[in-house]
Amino acid sequence: MSFHQEKKKHVAVCGGGLVGALNACYMARRGYKVDLYEMRPDIRTMKVVRGKSINLALSCRGREALKRVGLEDAVTKYGIPMHARMIHDLNGRRRPILYGTKDQYIMSIDRRLLNEIMLSAVEKFPDVEIHFSHKLTTCNFETGEATFENEQGHKVTKQFDLIIGCDGAYSAVRKQMMKLSRFDYQQTYIPHGYMELNIPPNSQNEFAMEINYLHIWPRNEYMMIALPNLDKSFTTTLFMPFEMFEAITTEEKLIQFFKEEFPDALPLLGQEELIKTFMSSKALPLITVKCHPYHVNNKAVLLGDAAHAMVPFYGQGMNCGMEDCIILDEILDAYENDFSKALPAYTKKRNPDAKAICDLAMYNYIEMRSKVNTTSFLIRKKLDNL
Ligand code: FAD
């Protein structure tokens, strides 16, 4: 019997963030019946969306995943190419370090816009239902039942052929898996946190710095980065040990710190705005999650941060999660939608690669905050002279 003569597969995608929304497109394109459950209300109707970073770097991994469901152009038309890192030294001098050849670049993309584009794309497929304000609480990997709590606190339970956990670094699906035997799990918080600041457009309503760069202020033990936005501002993120954040207890200490460490950025951030944001915000933690396996029998599978949350220094967390969607889709093709064969094959293929990217992301923190000051500069200089 061919797949089309069989009963339509019915899947629950838990989490309508960057990976869940995209994966729901992939599953719907396969002809599955898809129910997408998202804990938050519909972000397209919200005034303010609180979340991780305001913008992200989209790389070729993510672009390829968007392309395969026809979304690459819809997204990249809102992206700002970043051809190189722009290193800001203590004296305010700047020097670019190209990412690759001159035509290679990553793109700065607005997280909310990207998520909204993907949610609107999912809705266009037949046989897709999105349930906002539905939080997954428990699931049963024997029966395929999943229970969600809605806004009114009511519990809703439904049965699925497959439960797909795309519910982020603190995944509820993964928590259920952790109760099973022989499930490996490891989480690590780094001693550094992050805080988002803002460099607004200048007095001529233009970008206050060179546009097509990922700006970095590497200061060895800590660093600041800035990515451009379409409104001509730069989302500027300070990464620093928590104890340093906590030591800055007064406005005077804050300004003194920026005068000493980021003198060229201070006038761009604006003293008043900097004080307002810093003093009213809390530094947020950064976590790495590794686990194994990514599936349970033929009933559940993890994608994105739920499977492999990583520190953001390689700019690959979302990109890698989007690539998970490709890998799962290809494996489902190869095994003709037989979940009992496809899910173990997905774990086998994806797990070592994702763990390696988690490690590279951790390594790249040292590269970004410190090594760009020395090694890569020297290597680049040598290469330039060849
Ligand atoms: P999430 O984005 O966390 O989405 C999970 C979704 O599930 C959310 O919408 C949440 O509301 C929902 N949810 C959670 N629990 C439940 C539940 N129980 N029931 C139903 N729904 C639930 N990556 C890059 O590739 N490039 C970058 O430049 C980059 N920059 C970053 C900068 C910072 C500061 C940080 C912190 C991360 C950065 N990342 C970057 C990583 C990227 O943000 C994540 O990898 C990406 O968001 C993962 O997507 P996800 O859909 O797996 O998880």
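Ligands are counted one by one from 1 in listed order, and the atoms in each one are counted from 1 as well.
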What protein heavy atom lies closest to [atom]? Include the residue and the distance to one decimal.
{"atom": "atom 23 (N) of ligand 1", "result": "Met318 N, 3.1 Å"}
{"atom": "atom 8 (C) of ligand 1", "result": "Glu38 OE1, 3.6 Å"}
{"atom": "atom 29 (C) of ligand 1", "result": "Leu56 CD2, 3.5 Å"}
{"atom": "atom 3 (O) of ligand 1", "result": "Lys52 NZ, 2.9 Å"}
{"atom": "atom 4 (O) of ligand 1", "result": "Gly17 CA, 3.7 Å"}
{"atom": "atom 18 (N) of ligand 1", "result": "Leu136 O, 3.2 Å"}
{"atom": "atom 21 (N) of ligand 1", "result": "Met39 N, 3.1 Å"}
{"atom": "atom 35 (C) of ligand 1", "result": "Pro312 CB, 3.9 Å"}

Relative to ligand 1, is [X] under 4.0 angstrom through side chain, backbone, both or neither, heavy atoms considered?
{"X": "Ala57", "result": "both"}
{"X": "Arg111", "result": "side chain"}
{"X": "Phe148", "result": "neither"}

Of all the heavy atoms in [X], does at least one lie under 4.0 Å from an atom in ligand 1?
{"X": "Thr237", "value": "no"}
{"X": "Cys14", "value": "no"}
{"X": "Arg61", "value": "no"}

Could you tell me whether a side-chain N or O of Asp359 sits under 3.5 Å from a main-chain N or O of Ala354, the two making a donor and an acceptor?
no

Is there a donor-acceptor pair under 3.5 Å between the side chain of Arg174 and the backbone N or O of Ala169?
yes

Would you check the N or O atoms of [X], main chain and side chain alike, for any that come under 3.5 Å of an N or O of ligand 1?
{"X": "Glu196", "value": "no"}
{"X": "Val19", "value": "yes"}
{"X": "Arg40", "value": "yes"}
{"X": "Asp305", "value": "yes"}
{"X": "Asn319", "value": "yes"}

If Ile, Leu, Val, Met, Phe, Trp and Tyr residues are connected whenever their side-chain heavy atoms lie under 4.5 Å apart, and connections chain through other members, are Val173 and Met39 in the same group?
no

Considering the heavy atoms of [X], write down every atom of ligand 1 situated less than 4.0 Å from one of them.
{"X": "Gly15", "result": "7 (O), 12 (C), 21 (N)"}
{"X": "Ala172", "result": "18 (N)"}
{"X": "Cys166", "result": "5 (C), 6 (C), 7 (O)"}
{"X": "Gly304", "result": "52 (O)"}
{"X": "Gly315", "result": "24 (C), 25 (O), 26 (N), 27 (C), 28 (O)"}

So, do Tyr189 and Val311 sit near enough that their side-chain heavy atoms are less than 4.5 Å apart?
no

Over all atoms of both residues, closest heavy-atom pair of Leu343 and Leu328
CD2-CD1, 4.3 Å

Establish, for the pair Arg29 and Tyr26, whether the NZ or CZ atom is under 6.0 angstrom from the six-membered ring centre and no further than 45 degrees off its axis.
yes

Distance to the ring centre below 6.0 angstrom and angle to the axis at most 45 degrees; does that hold for Lys155 and Phe148?
no

Decide, yes or no, whether a salt bridge links Arg30 with Asp333 under the criterion of side-chain N to carboxylate O below 4.0 Å.
yes

With a 4.0 Å cut-off on N to O distance, would you call Arg63 and Glu72 a salt bridge?
yes

Examine the side chains of Ser120 and Lys124 and answer whether a donor and an acceptor come within less than 3.5 Å of each other.
no

Any luck finding a side-chain donor-acceptor pair between Asn150 and His131 under 3.5 Å?
no

Give a yes or no on whether the ring-centroid distance for His292 and Tyr185 is below 6.0 angstrom.
no

Do Phe239 and Tyr222 make the cut of ring centroids closer than 6.0 angstrom?
no

CG of Asp110 to CG of Leu56: how many Å apart, nearest 0.5 Å?
8.5 Å

